[in-house]
Amino acid sequence: MSVKHPIISVTGSSGAGTSTVKHAFDQIFRREGVTAVSIEGDAFHRYNRADMKAELARRTQAGDHTFSHFSIEANCLEELEAVFRAYGETGAGKTRHYVHSADEAECYGVPPGHFTDWEEMAPGSDLLFYEGLHGAVKTDHVDVSAHADLKIGVVPVINLEWIQKIHRDKAARGYSTEAIRDVILRRMHSYVHVICPQFTRTDINFQRVPVVDTSNPFVARWIPTADESVVVIRFKDPKGIDFSYLTSMIQGSWMSRANSIVVPGGKLDLAMQLILTPMIRRLAERGRRARLEADKTPA
Ligand SMILES: Nc1ncnc2c1ncn2[C@@H]1O[C@H](COP(=O)(O)OP(=O)(O)OP(=O)(O)O)[C@@H](O)[C@H]1O
Ligand SMILES: O=C(CO)[C@H](O)[C@H](O)COP(=O)(O)O
């Protein structure tokens, strides 16, 4: 955690909607005049696509059927923790991109399945924004979670998460339904042991729940729309959250527990703005004040 150089971490499984949620954050950053630098979790995969395939084959042959991109060992989480620590201390750090598709390849000048070179983040930022699979991970050897000042979980109920993943991976990444189904199955062990535990460490979880039948996600023809879903928003620490303000501002919302509200799917953006803007403003202002004070203090 760092007052001077705060970190916001948005964590979710593949297809959960973390990239989509990033847009909501970008709007708040723009409106509030907050300069953010970003890290994509996929940048910290340990292997490029070909090496991952080879490692997977090696492990499968050795009898390990649980290895996947969700696994701790498939990612450089010590490096991610080190980048979080360095940013918290100095406001600087390095990152890169994992290129998934032909579109991204054109943008980054690197073929799909490869990484760009490591690059220093732009100097002078107010905060670091992470979006990916492991932003609240804590094991015996690595603690990414401890370095993040605001942790957000993006967790649709699982059938919806799969539908979102299947549609995105088919449309944007060119995979077949069968290949995606196999990946979902292979990742299940780490989904349970690595992904889920993070959502008890997050400060706020946004859980999209469809109100249409998603019983067989593998044949769903489209992703349930905003109007066909509600979002459960759960606060780890409800102290200081003005629930009556939120429920009066967000039409159709209600409290389902002492720490949770439910909003219509179409109000997710508004809910995120109302909830997150004051938190982001506070982090950025505290950081600016602390950096100013540090500049005034003689070395
Ligand atoms: N609130 C939402 N309403 C409707 N569709 C959504 C919503 N959130 C995400 N989706 C859809 O789900 C798919 C996956 O979303 P997104 O790319 O944001 O996932 P992700 O968590 O960033 O995945 P990855 O980490 O694998 O890149 C996209 O097709 C997106 O349009
Ligand atoms: O989104 C993902 C994880 O968050 C991808 O599954 C992962 O980055 C691997 O990508 P690919 O299978 O296309 O090489």
Side-chain angles (χ1 to χ4, degrees), residues 9-26 38-56 67-71 74-76 80 96-105 110-115 129-135 137 152-176 179-184 186-187 190-191 194-195 198 206-212 214 217 220 222-233 263-272:
S9 170
V10 174
T11 298
S13 171
S14 180
T18 54
S19 312
T20 308
V21 160
K22 183 176 186 299
H23 291 298
F25 274 91
D26 286 340
S38 297
I39 294 190
E40 295 155 13
D42 293 353
F44 289 81
H45 287 335
R46 192 173 297 282
Y47 305 104
N48 68 27
R49 192 174 287 163
D51 291 348
M52 181 68 184
K53 216 171 154 189
E55 181 65 15
L56 193 60
F67 188 67
S68 77
H69 278 107
F70 287 5
S71 311
N75 295 277
C76 303
L80 177 62
R96 62 180 178 177
H97 299 279
Y98 179 81
V99 175
H100 288 99
S101 62
D103 281 356
E104 288 178 11
V110 168
H114 287 265
F115 297 99
F129 180 87
Y130 166 95
E131 170 253 313
L133 298 167
H134 297 110
V137 150
I152 306 292
V154 181
V155 198
V157 292
I158 202 157
N159 278 15
L160 176 56
E161 187 169 284
W162 289 350
I163 292 173
Q164 292 187 175
K165 179 174 175 56
I166 292 163
H167 282 253
R168 194 276 316 273
D169 280 5
K170 278 165 83 170
R173 299 184 182 173
Y175 293 125
S176 68
I180 302 162
R181 197 188 49 207
D182 289 348
V183 168
I184 288 173
R186 182 156 27 81
R187 289 177 171 183
S190 295
Y191 189 92
V194 178
I195 303 294
Q198 298 184 89
F206 291 88
Q207 180 160 57
R208 203 155 87 89
V209 181
V211 292
V212 289
T214 55
W222 59 78
I223 299 173
T225 63
D227 286 341
E228 293 171 335
S229 59
V230 295
V231 182
V232 177
I233 305 171
V263 306
K267 302 282 182 194
L268 174 60
D269 234 49
L270 175 65
M272 290 187 75

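Numbering of ligands and ligand atoms starts at 1, following listing order. Values reported hereafter were calculated over all heavy atoms of this structure, with side chains retained and with hydrogens, waters and symmetry mates removed.
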field: Any side-chain donor near an acceptor of the partner, His97 and Glu40, under 3.5 Å
entry: yes
message: Does either side chain, that of His69 or that of Asn75, offer a donor lying less than 3.5 Å from an acceptor on the other one?
response: no
query: Any side-chain donor-acceptor pair under 3.5 Å between Arg208 and Ser229?
result: yes
message: Check whether Gln164 reaches the backbone of Glu161 with its side chain - one donor and one acceptor, N or O, closer than 3.5 Å.
response: no
query: Yes or no on salt bridge (Lys or Arg N to Asp or Glu O under 4.0 Å) for Asp26 and Lys22, after CA distance, side-chain angles and deciding distance?
result: CA-CA 6 Å; Asp26 286 340; Lys22 183 176 186 299; 3.3 Å; yes
Can you list every pair where an N/O of ligand 2 is under 3.5 Å from an N/O on the protein?
| from | atom 1 | to | atom 2 | distance (Å) |
| --- | --- | --- | --- | --- |
| ligand 2 | 1 (O) | Ser14 | OG | 3.3 |
| ligand 2 | 1 (O) | Arg173 | NH1 | 2.8 |
| ligand 2 | 4 (O) | Asp42 | OD1 | 2.9 |
| ligand 2 | 4 (O) | Asp42 | OD2 | 3.4 |
| ligand 2 | 6 (O) | Arg187 | NH2 | 2.7 |
| ligand 2 | 8 (O) | Asp42 | OD2 | 3.3 |
| ligand 2 | 8 (O) | His45 | NE2 | 2.7 |
| ligand 2 | 8 (O) | His100 | NE2 | 2.8 |
| ligand 2 | 12 (O) | Tyr175 | OH | 3.2 |
| ligand 2 | 13 (O) | Arg49 | NH2 | 2.9 |
| ligand 2 | 13 (O) | Tyr175 | OH | 2.7 |
| ligand 2 | 14 (O) | Arg49 | NE | 2.7 |
| ligand 2 | 14 (O) | Arg49 | NH2 | 3.4 |
| ligand 2 | 14 (O) | Tyr98 | OH | 2.5 |

Gap separating the CZ atom of Phe129 from the CD1 atom of Ile152, nearest 0.5 angstrom: 8.5 Å
task: Please check if the side chain of Ser101 supplies one atom and the backbone of Glu104 the other of a donor-acceptor pair under 3.5 Å.
output: yes
Neighbouring protein residues of ligand 1 - any heavy atom closer than 4.0 Å: Ser13, Ser14, Gly15, Ala16, Gly17, Thr18, Ser19, Thr20, Glu131, Gln164, Arg168, Arg173, Arg208, Ile223
- request: For Ser14 and Arg168, test the side chains for any donor-to-acceptor distance below 3.5 angstrom and give the result as yes or no.
  value: yes
query: Of Val231, Asn159, Leu160, Val157, which meets side-chain contact (heavy atoms from CB on, under 4.5 Å) against Val209?
result: Val157
